[in-house]
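Data first, discussion second: the structure below is written as structure tokens.
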Amino acid sequence: MSIKFRWAQVCTLSTVALFGCDREIEVEDPEPVPAAIACEGADAITQIWTPTRRADLDTALQQQPGEWPQQLLAILDARVGSNAQVWRRNYLRACEQGERKAQRCLDMQAWELDAIVELATTHPEHAASMWAEIDAVLRDADACDARQEPSFDAPSLSPRVGREWASLRLLLNASDYVAVDNTVRALEGDETVGQTPAYALPITASKVVVALSKGDADQANAALGQAEALAASLGPRAQMTVAQAQAFAASSRGDVPAAMVALDQSVAAARAQEDPWLLFLQLRNIGRVKVQLGDGAGAIEPLAEAISLSTRLAGAENPHTAEVQISLAQAQLGLDRVETGYDLLTQARDSFVNTLGPDHPQTVASVEAIGQLFMAAGRPGEAQYAYLDLLEIYGDLYGPKDWHTAMVKLALGDSLMAMEQHEGARTMYMEALVPLVQSLGADHRAAIQTSIHLGIAELALGNLDAAGDHCRRSVDLVKALAPGDPLIAEAKACAEQLGAAKPSKPKRPR
């Protein structure tokens, strides 16, 4: 069995190094730079968040449907507006006093903001996946003075290279592996990056993921070996980066026990550090994986601890808290604790609505999860209300005849069928089928599934001729699916029910 990691579960490969890896070998001090030149970095935020760049970002985000893009833009405005002067004051003090570690820490915060603005402007389709990074913009400007991670002693990067380096994690979160590959190649050409283990480690770990996404196990193993060699000259925090890469590689070859050992090691390493956000990420990751493996009981403890941490660090309604609540709800569902799971999902949905907007993809995903929760628990009546909410959201976003809206109608039809409301279910299936076929193709799984379910609904209503058209067509279409696909059995059952429902022909007299 292979763990299907979303990159969000292993994005700490770059996060760990981004916020520092304890070094056992210090980087040689660079040549002294005149303070007048070095302290020019204090103007980085105003150079990044200019009226022109903000306007360009606003224009790009308007290409995305819904109200959430403007809400994200408002969050950026608020974060920069309330923290930019604090960041500048701290940068000037660190620069003037020669506190290079604090200076690098602040540099990295600026690079992160620059990367977010650049990527969301050039690829606005990735903006929704960046909510966590947008929420964290300049959040720790005051903390850089107190943080002592030796990797902040690493040489500085040019603003362009720093932005590319920070964008690596954003692209990994968005699973844009082509862009990740291009970014890695560009970064490898920078001398400072290549010669500084604190920068080179997350880039090499990213190469593991890119190689695995291409199915190139040999290249992935070579990159993993390079990452392990780089980490050998760094402190314990670097072991989290390597452990995440090892877990990803193990899951790709179906070695679940090895993947879990690696994830356990990453949690143990995080507990030895002073950064609670690092521990939060590791707990969230291992909890999610255990949910995917069906180990609901094992997932509860790390997910509950992650929720406790994020609530203390950022508040009960913070999106980080809500995100983990969804995973914990899935774990509770696996243990048949339906009410507990529903309460968690409702809290998560409300938090996303309040912080990211009612139509943000994370909000929509939480509503969809509520519907799936109740369908799996055999309570289609409650699921129906969630799907009606989704129908309204998607109708406003895409229109009543779009395939996105049609997918919700398919789910709503299934909930109605489960309640034996066959007439309403048939209406939903009929309204869903044409947009799905036109947009996705008649051989798409969603279109085939809708046709099968429409045939079953027609059977339940006694419309045998209409049922026959859909059942027979579905039997032909599922032949192209992979063996064992559940739709094959559904199509067969549709045809068998049709055969049983048809009256037998009278025998001809001899």
Side-chain angles (χ1 to χ4, degrees), residues 14-15 18-19 36-64 66-96 102-145 147 152 156-171 173-174 179 183 186 277 314 318-320 355-357 360:
S14 48
T15 305
L18 180 63
F19 291 103
I37 297 176
C39 291
E40 286 181 356
D43 296 322
I45 301 302
T46 55
Q47 292 169 357
I48 293 168
W49 195 241
T50 63
T52 300
R53 287 193 80 189
R54 187 198 179 283
D56 290 344
L57 176 59
D58 188 7
T59 300
L61 289 176
Q62 289 178 20
Q63 301 173 26
Q64 301 301 301
E67 300 175 0
W68 65 265
Q70 293 305 306
Q71 196 148 340
L72 287 186
L73 189 63
I75 292 173
L76 276 175
D77 276 331
R79 291 286 189 274
V80 175
S82 60
N83 295 310
Q85 289 305 312
V86 174
W87 185 93
R88 186 177 191 278
R89 180 197 68 207
N90 291 344
Y91 196 99
L92 284 171
R93 182 173 66 245
C95 178
E96 292 166 357
Q103 205 173 329
R104 290 295 79 77
C105 172
L106 293 162
D107 276 338
M108 291 175 182
Q109 293 182 4
W111 299 340
E112 181 89 354
L113 172 62
D114 198 4
I116 288 171
V117 175
E118 181 70 13
L119 185 58
T121 302
T122 56
H123 296 282
E125 68 275 10
H126 291 331
S129 69
M130 293 191 284
W131 62 264
E133 287 78 13
I134 291 173
D135 177 69
V137 162
L138 302 181
R139 180 177 56 199
D140 296 327
D142 267 334
C144 282
D145 288 338
R147 293 173 67 177
F152 290 134
S156 187
L157 301 173
S158 69
R160 179 189 62 80
V161 175
R163 180 178 68 197
E164 288 182 341
W165 193 71
S167 71
L168 193 59
R169 177 161 60 96
L170 302 174
L171 293 167
N173 284 343
T183 303
W277 279 112
N318 187 274
H320 297 281
T355 56
L356 300 178
H360 188 277

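Source: prediction; values computed, not measured.
Taking CG of L171 as the reference point, atom OG of S129 lies at 9.0 Å (rounded to 0.5 Å). Atom-to-atom distance recorded for W87:CH2 and L92:CG is 8.5 Å, nearest 0.5 angstrom. Distance check, rounded to the nearest 0.5 Å: CG of D114 to CZ of R160 gives 11.5 Å. Taken to the nearest 0.5 Å, the CZ atom of R88 stands 9.5 Å off from the SG atom of C39. From L170, atom CG reaches atom CG of L119 across 6.0 Å, with rounding to the nearest 0.5 Å. Distance check: Q64 CD to Q70 CD gives 11.5 Å after rounding to the nearest 0.5 Å.
Residues Q109 and L113 have side chains not in contact (no heavy-atom distance under 4.5 Å, counting atoms from C-beta outward). In this structure, the side chains of L57 and L76 come closer than 4.5 Å at one or more pairs of heavy atoms. Residues R89 and V86 form a side-chain contact, since some pair of their non-hydrogen atoms from C-beta on lies under 4.5 Å apart. Looking only at side-chain heavy atoms (C-beta outward), L72 and M130 stay at 4.5 Å or farther from each other. Counting heavy atoms from C-beta on, the side chains of N90 and C144 never come closer than 4.5 Å. Between R54 and L73, the closest side-chain pair of non-hydrogen atoms falls below 4.5 Å. Side-chain contact between D77 and W49 is present, with at least one heavy-atom pair separated by less than 4.5 Å.
Here the shortest heavy-atom pairing between L61 and A127 reads CD2-CB, 3.7 Å. Nearest heavy-atom pair, A186 versus E164, reported as atom, atom and distance to 0.1 Å: CB-OE1, 3.9 Å. The minimum heavy-atom distance between G41 and Y91, with the atom names listed, is C-CE2, 3.6 Å.
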Working note: D107 + Q103, criterion side-chain hydrogen bond (donor to acceptor under 3.5 Å, both in side chains); need CA distance, chi angles, decisive distance, verdict.
CA-CA 6 Å; D107 276 338; Q103 205 173 329; 5.2 Å; no
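Side chain of R79 to backbone of D135: a donor-acceptor contact under 3.5 angstrom is found.
Among residues at least two apart or in separate chains, salt bridge (Lys or Arg N to Asp or Glu O under 4.0 Å) pairs with a member in residues 117-128 are R53-E118, E118-R163.
Note on ring orientation: taking the six-membered ring where Trp is involved, the planes of H360 and W68 are perpendicular (angle over 60°, cut-offs 30° and 60°).
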